[in-house]
**Q** 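This is the structure I want to talk about, given as structure tokens.
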Amino acid sequence: MIPMTAAFVALTLLLSPTCSTAKASSAITQFRKDDSINTTSQNPYDTQRELYNKLSIVTDVEWYWVAAVDQYERSMSKARPKARPLLGETVGVFIDKERWAGMLNPDDEDNSPLSIQWFNGIGKDGDGNGVAERNSDFDLLYSLIRHVSGQGTSDEQFPIGLWDYYQNSRSVQRIEQFAAIYKHYGKLNLYDHAFPLPIGNNYSYKDTWGDKRGWGGRRIHEGTDIFAGHGTPVRSTCYGIIEIMGWNRFGGWRIGIRDLNNHYHYYAHLSGFDKTIKVGDIVEPGQVVGWVGSSGYGNPGTSGKFPPHLHYGVYSDRGLIEWAFDPYPMLRRWEQAEWRSRRSK
């Protein structure tokens with residue numbers, strides 16, 4: 001026998017649909033009309049874009065915001081796989097059981113949209129099968145986007161919902177950066193790379209990760225030094241957005257670029273920057289951003305304390321902190337790929 005309280009709650013929810021319930025109905029109708037997402041597509045980016053487009057229609061959130069949220073979630077899951085196991089097949093979204101079903105829900109495996117709504121969980125039935133499935137790509141991403149868009153769906157309002165959900169300004173910034181890149185290019189496949197110096201120039205480098213450094217205090221070398229002539233062009237290695245430019249007492253004139261893998265690419269000891277770029281601009285592989293120099297180890301303008309070279313480092317964002325990792329294997333891979341591409345022409 002159903003308890004009277006539960007019966008009353010269910011009846012109340014059925015007779016008094018909220019705005020989110022109406023949206024869910026719209027999502028169900030649209031999803032059924034368009035059939036299912038084609039997960040057998042040979043191109044995974046086509047599958048992802050199809051999903052993002054459908055979600056954009058049923059949530060009124062632009063596709064590039066949907067893509068940016070999913071990619072940020074994916075980057076966090078890759079950085080912390082044990083804490084954020086893969087839930088769906090293609091999306092990167094992770095929502096823990098309590099948040100999905102509701103903090104006070106006695107059943108953390110609850111998949112009933114009505115009871116989840118009663119316990120203020122964020123799980124929703126997006127694909128119209130009557131169940132809010134935490135392992136469904138559509139339900140996962142639909143639930144997160146619907147929750148975040150409660151503050152509004154415009155480019156100005158959506159970040160407010162992101163802050164309410166993540167309570168982390170770094171998370172909001174990353175998603176805004178990803179959305180800007182996706183919006184700029186209008187596509188998802190933005191993972192090509194280039195070697196940071198033009199292939200064919202006279203340069204040399206080896207794996208210097210972990211070497212000792214003494215200036216400014218005892219520390220280790222978090223990157224790879226590429227020695228080249230003063231003024232050699234320095235190129236972006238990725239599609240990304242310029243996050244920082246200016247002087248650093250260790251790195252001298254340096255520039256930092258954030259890519260869609262949530263990696264921060266650090267270029268230091270430059271002699272100067274390309275005058276056409278600024279913080280917030282979007283760059284692509286092979287685009288010149290500055291020139292090799294020997295700046296750093298002192299106050300702004302200090303130069304010449306070491307031979308000209310590019311210090312190239314890469315840092316992975318883990319949510320609250322960033323960890324450096326050895327870029328040498330990637331540099332070798334990108335360099336060899338460019339040589340192969342040049343020989344095939």
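Quick note: residue numbers are just sequence positions, from 1.
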**Q** Residues sharing Tyr266's hydrophobic cluster, by side-chain heavy-atom contacts under 4.5 Å among ILVMFWY, directly or via others?
**A**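 The other cluster members (ILVMFWY side chains, heavy atoms under 4.5 Å, direct or chained) are Ile244, Tyr264, Tyr315.
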
**Q** Can you confirm whether Leu331 sits close enough to Pro196 that some side-chain heavy atom of one is under 4.5 Å from a side-chain heavy atom of the other?
**A**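 They are in side-chain contact.
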
**Q** Thinking salt bridges, do Arg49 and Asp46 make one under a 4.0 Å N-O criterion?
**A**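 No salt bridge links Arg49 with Asp46.
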
**Q** Verify whether one side chain among Gln173 and Arg170 offers a donor that lies under 3.5 Å from an acceptor in the other.
**A**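 Distance-only check fails for Gln173 and Arg170.
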
**Q** Parallel, tilted or perpendicular for Trp65 and Phe158, by the 30°/60° rule?
**A**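 Tilted: the ring planes of Trp65 and Phe158 meet at 30° to 60°.
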
**Q** Using modelled atom types only, decide if a donor and an acceptor are shared between the side chain of Asn111 and the backbone of Glu133 within a distance under 3.5 Å.
**A**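 Here the side-chain-to-backbone pair does not exist.
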
**Q** Check whether Thr59 reaches the backbone of Leu55 with its side chain - one donor and one acceptor, N or O, closer than 3.5 Å.
**A**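 Yes, Thr59 side chain to Leu55 backbone: donor-acceptor pair under 3.5 Å.
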
**Q** Looking only at side chains, do Ser294 and Ser303 share a donor and an acceptor under 3.5 Å apart?
**A**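 On atom types as modelled, these side chains qualify, holding a pair under 3.5 Å.
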
**Q** If we ignore hydrogens and angles and just use 3.5 Å, is the side chain of Asp125 paired with the main-chain N or O of Gly130 as donor and acceptor?
**A**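 Checking the backbone N and O of Gly130 against the side chain of Asp125, a donor-acceptor pair under 3.5 Å is found.
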
**Q** Has Arg249 got a side-chain atom pairing as donor or acceptor with Gly296's backbone, closer than 3.5 angstrom?
**A**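 Side chain of Arg249 to backbone of Gly296: no pair is present.
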
**Q** Could you state whether Val234 and Met245 fall into the same hydrophobic cluster, counting links through intermediate Ile, Leu, Val, Met, Phe, Trp or Tyr residues with side-chain heavy atoms under 4.5 angstrom apart?
**A**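 Yes, same cluster.
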
**Q** If we ignore hydrogens and angles and just use 3.5 Å, is the side chain of Asp108 paired with the main-chain N or O of Lys97 as donor and acceptor?
**A**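 Absent.
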
**Q** Using the rule that two of Ile, Leu, Val, Met, Phe, Trp, Tyr join whenever any of their side-chain heavy atoms come within less than 4.5 Å, decide whether Tyr64 and Ile160 are in one cluster.
**A**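 Tyr64 does not cluster with Ile160.
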
**Q** Are the charged groups of Arg174 and Glu243 less than 4.0 angstrom apart, N to O?
**A**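 Looking at Arg174 and Glu243, the cut-off is met.
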
**Q** As a quick check of understanding, evaluate side chain to side chain contact (heavy atoms under 4.5 Å, CB included) for Val61 and Val148, giving each step before the final call.
**A** CA-CA 10 Å; Val61 175; Val148 171; over 6 Å; no

**Q** Where the side chain of Gln71 meets the backbone of Leu260, is there a donor-acceptor pair that is under 3.5 Å apart?
**A**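 Indeed, once roles are kept as given, a pair shorter than 3.5 Å links the two residues.
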
**Q** Looking just at side-chain N and O atoms, do Thr237 and Tyr267 make a donor-acceptor pair shorter than 3.5 Å?
**A**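 Distance-only check passes for Thr237 and Tyr267.
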
**Q** Take Leu144 and Glu73 through the test side chain to side chain contact (heavy atoms under 4.5 Å, CB included) and record every step on the way to the result.
**A** CA-CA 11 Å; Leu144 180 50; Glu73 286 280 315; 4.1 Å; yes

**Q** Would a 4.5 Å heavy-atom cut-off, applied to side chains only, mark Tyr203 and Pro198 as touching?
**A**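 Result no, sub-4.5 Å side-chain heavy-atom pair not found.
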
**Q** Tell me whether Glu322 contacts the main-chain N or O of Arg318 through its side chain, where contact means a donor paired with an acceptor under 3.5 Å.
**A**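 Side chain of Glu322 to backbone of Arg318: no pair is present.
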
**Q** State, yes or no, whether a side-chain contact exists between Ile145 and Val69 at a heavy-atom distance under 4.5 Å.
**A**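 The answer is yes; the side chains approach within 4.5 Å.
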
**Q** Look at the aromatic rings of Phe306 and Tyr297 and report parallel, tilted or perpendicular, splitting at 30° and 60°.
**A**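 Because their plane-to-plane angle is over 60°, the rings of Phe306 and Tyr297 count as perpendicular.
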
**Q** Does the side chain of Ser115 come under 3.5 Å of the side chain of Asp110 through a donor N or O and an acceptor N or O?
**A**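 Yes.
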
**Q** Would a distance-only check, ignoring hydrogens and angles, find a side-chain to backbone donor-acceptor pair under 3.5 Å from His269 to Ser295?
**A**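 Looks like yes, one N/O pair under 3.5 Å.
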
**Q** Are Trp247 and Val292 connected in a single hydrophobic cluster, I mean Ile/Leu/Val/Met/Phe/Trp/Tyr linked by side-chain heavy atoms less than 4.5 Å apart?
**A**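 As far as the 4.5 Å side-chain criterion goes, Trp247 and Val292 are connected within one cluster.
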
**Q** Do Tyr205 and Phe195 have their ring centres less than 6.0 Å from each other?
**A**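 Ring centroids of Tyr205 and Phe195 are less than 6.0 Å from each other.
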
**Q** Looking only at the side chains, is there a donor atom on one of Trp118 and Asn105 sitting less than 3.5 Å from an acceptor on the other?
**A**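 No.
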
**Q** Scan side-chain atoms only and decide if Tyr72 and Asp317 contain a donor-acceptor pair under the 3.5 Å cut-off.
**A**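 Result is no, nothing qualifies.
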
**Q** Please check: side-chain N/O of Asp281 versus main-chain N/O of Lys278, any donor-acceptor pairing under 3.5 Å?
**A**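 Yes; judged by distance alone, with no hydrogens or angles, the pair exists.
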
**Q** Donor-acceptor pair, Asp139 side chain versus Arg134 backbone, under 3.5 Å?
**A**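 No; zero donor-acceptor contacts below 3.5 Å.
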
**Q** Can you tell if the side chain of Thr208 reaches within under 4.5 Å of the side chain of Tyr328, non-hydrogen atoms only?
**A**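 Counting from C-beta outward, Thr208 and Tyr328 never come under 4.5 Å.
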
**Q** Parallel, tilted or perpendicular: which describes the rings of Tyr185 and Tyr239, with under 30° parallel and over 60° perpendicular?
**A**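 Taking Tyr239 first and then Tyr185, their aromatic rings stand perpendicular (interplane angle over 60°).
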
